[in-house]
2 protein chains.
Amino acid sequence: MKDVAARAGVGLKTVSRVVNGEAGVSPDTERRVQESITALGFRRNDSARILRKGRTASIGLVLEDLADPFYAPLSRAVEEVARAHGALLINGSSAEDPGREQELVLALCARRVDGLVIVPASDDHRYLEPEIAAGVATVFVDRPPGMIEADQVLVDSFAGAREGVAHLIAHGHRRIGFIGDLPRIHTAHERIRGYEAAMSEAGLPVHPSWVAPGSTDPARVRADAERMLGGPEPVTAFFAGNNRVTVTLVRVLAELERPVALVGFDDFELADMLSPPVTVVAQDPAQLGRTAADLLFRRLDGAHDPPCLKTHPTTLIARGSGELPPA
Amino acid sequence: MKDVAARAGVGLKTVSRVVNGEAGVSPDTERRVQESITALGFRRNDSARILRKGRTASIGLVLEDLADPFYAPLSRAVEEVARAHGALLINGSSAEDPGREQELVLALCARRVDGLVIVPASDDHRYLEPEIAAGVATVFVDRPPGMIEADQVLVDSFAGAREGVAHLIAHGHRRIGFIGDLPRIHTAHERIRGYEAAMSEAGLPVHPSWVAPGSTDPARVRADAERMLGGPEPVTAFFAGNNRVTVTLVRVLAELERPVALVGFDDFELADMLSPPVTVVAQDPAQLGRTAADLLFRRLDGAHDPPCLKTHPTTLIARGSGELPPA
DNA sequence: GTGAAAGCGCTAACAC
DNA sequence: GTGTTAGCGCTTTCAC
């Protein structure tokens with residue numbers, strides 16, 4: 001910038017004015033400055049600008065896995081909102097590792113992002129207290145924060161799972177298996193609760209072997225499913241705790257002779273083209289991201305109301321697999 | 001940092017040493033400094049650090065759509081490599097808009113990212129010349145740069161499409177429709193060329209109405225497909241130019257009485273569970289991202305060889321839809 | 001082992 | 001309309 005000013009024979013501030021499109025520069029001077037800028041290939045250094053201004057016009061997003069078909073649209077939606085507000089998105093995947101989440105979040109804070117959207121892997125976010133006190137707006141999505149108060153945008157996992165399981169019960173099932181994610185994950189925990197609630201409301205017992213929370217690793221899901229399908233009293237239906245589990249169960253069930261019903265949490269592409277088409281409890285990840293990002297920017301624009309909780313409903317989409325009768 | 005120094009009763013530089021884990025601080029002083037740091041909730045401001053050091057330990061990724069099932073794993077792979085090198089990833093979606101690509105790339109440059117991975121939407125990257133001259137390492141993925149020389153990591157779209165179409169021909173098809181992306185996109189163009197090559201090598205004519213390049217909007221794809229399926233000489237097979245087109249064609253073909261063969265470019269989840277299972281020309285987006293990011297960091301570590309081109313092969317995966325005979 | 005001073009590139013505040 | 005000065009928070013240099 002110094003060089004540009006020297007070359008154009010003007011002061012530093014004049015160049016700054018031109019670069020930032022501020023008023024108060026004569027057309028002639030402006031032209032001379034522009035000419036020097038292109039000649040020198042000058043581009044403003046935003047690090048210096050940020051250092052001076054305090055705001056970075058960037059927000060951070062930390063979630064489990066950018067490539068997961070559930071989170072990818074969420075991420076994209078956050079990006080769109082950020083873009084509409086002239087902000088860049090910096091994101092990272094926590095891989096469901098609390099340590100990695102913290103590392104990422106703190107790295108983003110060191111970059112002085114204006115705000116954070118977090119799908120937490122950790123259940124203790126006290127490490128964020130100094131940041132929030134320092135003015136970093138923070139919104140939690142999909143899962144609540146741990147040990148601190150903050151805005152949160154959630155999906156009603158409990159009600160969704162209860163509705164999905166009740167749907168299977170309504171179609172005659174009595175022995176229903178639940179395979180879901182690790183129960184330390186809030187949504188997984190809520191979905192187990194929803195399963196149990198539906199069973200108990202229908203007066204049905206829940207055999208401990210019918211509930212298999214754990215990793216979404218296909219081998220684990222397959223093993224648990226096969227276990228539940230064997231024995232003298234096999235399950236006649238499954239409720240899958242998320243899209244990864246559903247996809248694996250689709251494969252397992254396709255290998256069976258007898259039909260086994262399936263309802264999955266999360267919708268997924270081509271679910272309607274499988275045979276049978278897969279009944280799901282759908283949520284809208286893009287909407288989730290949009291709500292969270294909107295909330296974040298409202299905070300950045302100075303909204304100072306106490307932390308709020310927004311809960312999105314789920315939608316049961318009956319397609320066939322959830323309406324199969326017990327074998 | 002000033003405050004921390006004051007509170008601990010030490011100099012600025014000593015705090016800096018502690019924060020950066022540099023040697024030369026007595027254990028006692030270090031403890032005092034650490035205590036002040038936590039008490040004040042201090043976190044180093046990376047903007048200032050970057051301003052001083054010149055390197056940002058962050059790289060930028062610009063691609064078409066973060067949420068596309070093809071690009072999401074690519075993005076994730078780049079992130080993993082960046083993480084292994086201690087760098088953060090800042091990314092943005094160009095939405096296939098050259099203006100937006102440039103805007104994003106320049107915003108990233110203004111942030112002084114150390115390097116860029118770009119899936120270009122534009123066909124003229126001369127706007128990057130000053131940046132590259134200034135030392136920003138740049139790698140293009142999936143599509144080549146326009147009007148400049150730079151590293152590129154591509155997939156052999158031409159050979160892949162040729163193989164896919166030849167596969168359909170080998171199964172008896174003579175009238176094969178091609179529905180792909182906008183031909184200004186390099187990969188789309190190459191795939192059309194591959195289609196034409198396979199047809200001509202088999203001595204088959206290509207009726208102009210059998211080739212439909214355009215947007216991947218489902219309505220457009222459907223309309224073109226239905227047009228090709230009507231008339232006196234309907235096509236008996238389709239080659240789909242990318243995963244979005246394939247998914248739409250799966251839906252269109254499922255509504256038909258007669259079987260129509262299909263081979264799609266790009267693999268996709270559950271392709272093997274559809275009926276018929278979908279034959280694809282697969283590429284490995286994660287591998288593409290990994291190669292590009294590795295190359296980028298090799299450049300950042302000082303590799304100064306001339307721009308290189310790495311081409312990845314495709315793999316034909318026969319599953320059923322591509323082996324259907326002509327009706 | 002520790003600290004004081006200079007300066008990274010920019011913008012805010014206030015001259016002129 | 002335009003320029004000058006100070007300083008954002010850190011690291012580098014060099015002196016103690």
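Quantities reported herein were computed from a predicted structural model and do not represent experimental measurements.
- Reading DNA chain D from its 5' end, the first and the last nucleotide to sit under 4.0 Å from a heavy atom of chain A are dG1(D) to dG9(D).
- With sequence neighbours left out, the side-chain hydrogen bond (donor to acceptor under 3.5 Å, both in side chains) criterion links Asp284(A) to no other residue.
- Identified under the salt bridge (charged side-chain N to carboxylate O under 4.0 Å, His left out) test for residues 80-95 of chain B, with sequence neighbours left out: Arg100(A)-Glu80(B), Glu103(A)-Arg83(B), Arg76(B)-Glu80(B).
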Practice problem: Assign a letter to each nucleotide of nucleotides 6-11 of chain C from its 5' end: B, base within under 4.0 Å of a protein heavy atom; S, sugar-phosphate only; -, no contact. | Solution: BBBBBB
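- For the pairing with Arg143(B), the salt bridge (charged side-chain N to carboxylate O under 4.0 Å, His left out) check across Glu96(B), Glu101(B), Glu190(B) returns one residue only, Glu96(B).
- For the side-chain hydrogen bond (donor to acceptor under 3.5 Å, both in side chains) test, residues two or more places apart in sequence or in another chain that qualify with Ser26(B) are Thr29(B).
- Residues meeting the side chain to side chain contact (heavy atoms under 4.5 Å, CB included) test with Arg55(B), sequence neighbours left out: Asp114(B), Leu300(B).
- Among residues two or more places apart in sequence or in another chain, the ring pair (Phe, Tyr, Trp, His ring centres under 6.0 Å) test is passed with Tyr71(A) by none.
- Listed by chain and number, the residues in a side-chain hydrogen bond (donor to acceptor under 3.5 Å, both in side chains) with Gln34(B) amount to none (sequence neighbours excluded).
- Rounded to 10°, the helix from dG1(C)-dC16(D) to dC16(C)-dG1(D) has 30° between the axis fitted to its first five pairs and the one fitted to its last five.
- Within the structure, salt bridge (charged side-chain N to carboxylate O under 4.0 Å, His left out) pairs that include any residue of residues 40-50 of chain B comprise Arg111(A)-Asp46(B), Glu131(A)-Arg43(B), Arg44(B)-Asp46(B) (at least two apart or interchain).
- A search for ring pair (Phe, Tyr, Trp, His ring centres under 6.0 Å) contacts involving His189(A) returns nothing, not counting sequence neighbours.
- Thr187(B) pairs by the side-chain hydrogen bond (donor to acceptor under 3.5 Å, both in side chains) definition with nothing, not counting sequence neighbours.
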